[in-house]
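Below is one structure, written out as structure tokens, with a few remarks after it.
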Amino acid sequence: MIKVFNPKVTIFDKFSILSALFKNEISGSSNEIKKFEKALSFNFDRKYSVAVSNGSNALDVAFKLLDLKKGDEVILPSFTIISCLSAVIRSGAIPVFCDVDPISWNMTIENVQKVYSAKTKVILMVHTYGLVADAVKIQKFCEEKNLKLLEDAAEAHGQKVGNMKCGSIGDISTLSFYANKHITTGEGGAILTNNKQFSLRAKQMINLDFNSKKRFVHNNLFWNYRMSGIQAAMGISQLKNINNVIKSKIAQGKYYSALFKKYNVNVQIPAPNVGNTNNHYWVYGIVLEDKVDRESVMKKLSEFNIETRPFFWPLHLQPVVKNLDIRNNHYKNSEKLGKSGFYIPMGKHVSKSSQKKIVLKIKSIIEEEN
């Protein structure tokens with residue numbers, strides 16, 4: 001089976017982990033955490049970083065920091081992962097969905113403006129699948145309307161919007177270090193901000209509200225969202241290799257695109273860029289025509305030992321949303337992507353010959369379907 005992704009753990013990662021083990025730097029209070037947080041701040045152009053146990057926890061803490069009130073609204077794209085919706089719901093705020101652009105597959109300022117209201121307090125801006133949201137215009141809109149901007153850069157490690165690094169935009173940014181990300185610690189995440197009070201409070205929130213004066217006297221029922229020293233040690237090593245990972249992904253993405261064009265495969269392939277931002281091909285996604293059954297195509301690819309993964313199912317169509325009091329609508333681009341999109345194997349484990357095999361199999365299966 002050609003896996004859709006296969007984490008690359010380098011000899012340097014293993015050495016870094018072993019070094020932490022030999023030094024007994026394994027807990028959530030180890031020096032490896034501090035080193036990793038410092039490296040994150042440097043790499044993502046932020047003053048403060050707080051490492052946590054996963055990206056979903058990072059979103060939960062970020063929303064808690066924003067101190068939203070009942071009735072406050074948060075705008076977020078319908079085409080994104082469920083953890084974004086879960087975090088909004090857990091914050092007590094009301095999620096308001098917007099559609100995405102059919103080319104970039106990301107939120108634009110026009111999408112935001114269509115659903116903005118006087119109750120809007122936060123925009124959750126998510127960068128998806130290797131390209132970026134309309135960050136410059138959305139950030140300006142937030143400044144004009146006095147809104148908080150929360151940036152989910154889980155899929156945009158090393159990506160830029162103009163001269164701004166993804167992870168440095170808005171009031172708070174969050175990261176995920178799951179195994180399929182450009183930087184991985186297996187599981188893990190981070191909160192990034194330039195606000196010192198946010199960073200200090202986040203440290204308290206992820207550490208059971210422990211304080212230095214009376215450690216076991218607690219004023220809040222916070223969480224244990226700590227990252228381990230072993231994970232941080234791997235993260236430090238992974239950060240040093242991020243440019244090589246991105247360079248490899250871009251080369252692989254471009255080769256896929258060349259093959260799809262060469263063999264005239266009737267699918268929508270990822271845009272190579274949006275504005276002045278180049279695609280980093282975190283994943284390589286394709287979108288089928290409406291008349292082609294995606295599930296059938298994916299099933300047949302699996303029979304040829306080619307693993308695939310469907311695109312995110314739109315948040316506004318999630319079964320759980322039916323039980324919630326959420327303002328809803330039809331978001332045609334999100335629905336199209338959710339119904340017809342899937343991504344194919346990417347990574348060091350996929351050779352050029354495998355890429356050619358995958359493209360030709362997709363072509364033959366689609367032609368059979370028609």
Side-chain angles (χ1 to χ4, degrees), residues 1-8 79 100-106 127-132 154-160 179-182 184 241-289 292-312 333 336-370:
M1 179 69 74
I2 307 174
K3 294 288 187 181
V4 76
F5 78 92
N6 191 23
K8 177 64 176 175
F79 184 65
V100 295
D101 181 76
I103 304 301
S104 74
W105 308 337
N106 278 279
H127 307 300
T128 306
Y129 289 173
L131 280 168
V132 296
E155 300 175 11
H157 302 175
Q159 184 62 278
K160 284 187 175 182
N180 61 2
K181 302 299 192 291
H182 286 345
T184 182
N241 194 44
I242 186 171
N243 289 333
N244 290 329
V245 171
I246 291 170
K247 184 179 178 181
S248 175
K249 281 288 190 79
I250 290 173
Q252 199 168 47
K254 287 182 175 179
Y255 188 61
Y256 262 137
S257 294
L259 289 169
F260 276 109
K261 290 175 182 176
K262 177 180 178 180
Y263 295 109
N264 197 27
V265 186
N266 193 21
V267 296
Q268 178 189 346
I269 60 175
N273 54 67
V274 171
N276 59 1
T277 301
N278 293 324
N279 199 329
H280 275 193
Y281 299 99
W282 175 66
V283 297
Y284 194 94
I286 62 174
V287 182
L288 303 173
E289 289 188 314
V292 180
D293 183 350
R294 179 188 65 182
E295 307 310 314
S296 175
V297 172
M298 292 174 63
K299 183 175 183 295
K300 289 176 180 177
L301 285 169
S302 180
E303 291 168 358
F304 286 110
N305 290 321
I306 299 167
E307 186 181 36
T308 58
R309 193 72 56 83
F311 275 9
F312 295 132
N333 297 331
K336 167 65 178 174
L337 295 169
K339 177 186 175 185
S340 302
F342 66 95
Y343 52 94
I344 57 182
M346 283 277 281
K348 289 284 189 181
H349 65 294
V350 184
S351 65
K352 282 192 170 183
S353 60
S354 292
Q355 286 185 267
K356 183 177 178 180
K357 171 189 172 183
I358 291 165
V359 171
L360 289 175
K361 287 296 181 189
I362 291 171
K363 177 181 172 65
S364 64
I365 291 167
I366 288 174
E367 289 173 351
E368 287 173 9
E369 290 282 312
N370 286 330

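The figures that follow rest on heavy atoms only: side chains count, while hydrogens, waters and symmetry mates do not. Just so it is clear, the structure is predicted and the values come from calculations on it, not from any experiment.
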Going from [atom1] on [X] to [atom2] on [Y], what distance comes out if it is rounded to the nearest 0.5 angstrom?
X    : Y    : atom1 : atom2 : value
T277 : K160 : OG1   : NZ    : 10.5 Å
D101 : L337 : CG    : CG    : 9.5 Å
L301 : I344 : CG    : CD1   : 8.5 Å
S364 : F304 : OG    : CZ    : 6.0 Å
N244 : N241 : CG    : CG    : 4.5 Å
K3   : H349 : NZ    : NE2   : 9.0 Å

Side chain proximity check, [X] to [Y], heavy atoms < 4.5 angstrom:
X    : Y    : result
V359 : V265 : yes
L131 : P270 : no
Q159 : H127 : no
E289 : N266 : yes

Discussion item. Is it true that, when you exclude K300 itself, more than 12 heavy atoms of the residues, nucleotides or ligands shown sit nearer than 6.0 Å to its NZ?
Written reply: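 Result for NZ/K300: enclosed.
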Discussion item. Surrounding NZ of K339 (heavy atoms of other residues, nucleotides or ligands, distance under 6.0 Å), is the total greater than 12?
Written reply: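 Result for NZ/K339: open.
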Mind telling me whether [Y] and [X] have parallel, tilted or perpendicular rings, with 30° and 60° as the class edges?
X    : Y    : answer
Y284 : F260 : parallel
Y129 : F79  : perpendicular
W282 : Y343 : tilted

Shortest non-hydrogen contact from [X] to [Y]?
X    : Y    : value
A179 : T184 : CA-OG1, 3.1 Å
F5   : R309 : CE2-NH2, 4.1 Å
P102 : N333 : CD-ND2, 3.5 Å
T308 : M298 : OG1-CE, 3.2 Å
M1   : E307 : SD-N, 3.4 Å
V292 : L288 : CG1-CD1, 3.9 Å

Practice prompt. Measure from the ring center of F342 to the ring center of F311 and say whether it is less than 6.0 Å.
Written response: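 No: the rings miss the under 6.0 Å criterion.
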Discussion item. Can a donor-acceptor pair be found, under 3.5 Å and without considering hydrogens, that links the side chain of E155 to the backbone of K181?
Written reply: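 No; zero donor-acceptor contacts below 3.5 Å.
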Worksheet item: Between the main-chain N or O of A271 and the side-chain N or O of N279, is there a donor-acceptor pair closer than 3.5 Å?
Response: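 Yes, because the side chain of N279 sits within donor-acceptor range (under 3.5 Å) of the backbone of A271.
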Worksheet item: Got a sec, which pairs hit salt bridge (charged side-chain N to carboxylate O under 4.0 Å, His left out) with one end in residues 249-274, sequence neighbours left out?
Response: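 Residue pairs passing salt bridge (charged side-chain N to carboxylate O under 4.0 Å, His left out), neighbours aside: none found.
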Worksheet entry | E369 and S296: side chain donor to acceptor below 3.5 Å |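 Yes, side-chain donor-acceptor contact under 3.5 Å.
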Worksheet item: If you measure from the Lys or Arg side-chain nitrogens to the Asp or Glu carboxylate oxygens, is any gap between E295 and K299 under 4.0 Å?
Response: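 Salt bridge between E295 and K299, a charged N being under 4.0 Å from a carboxylate O: no.
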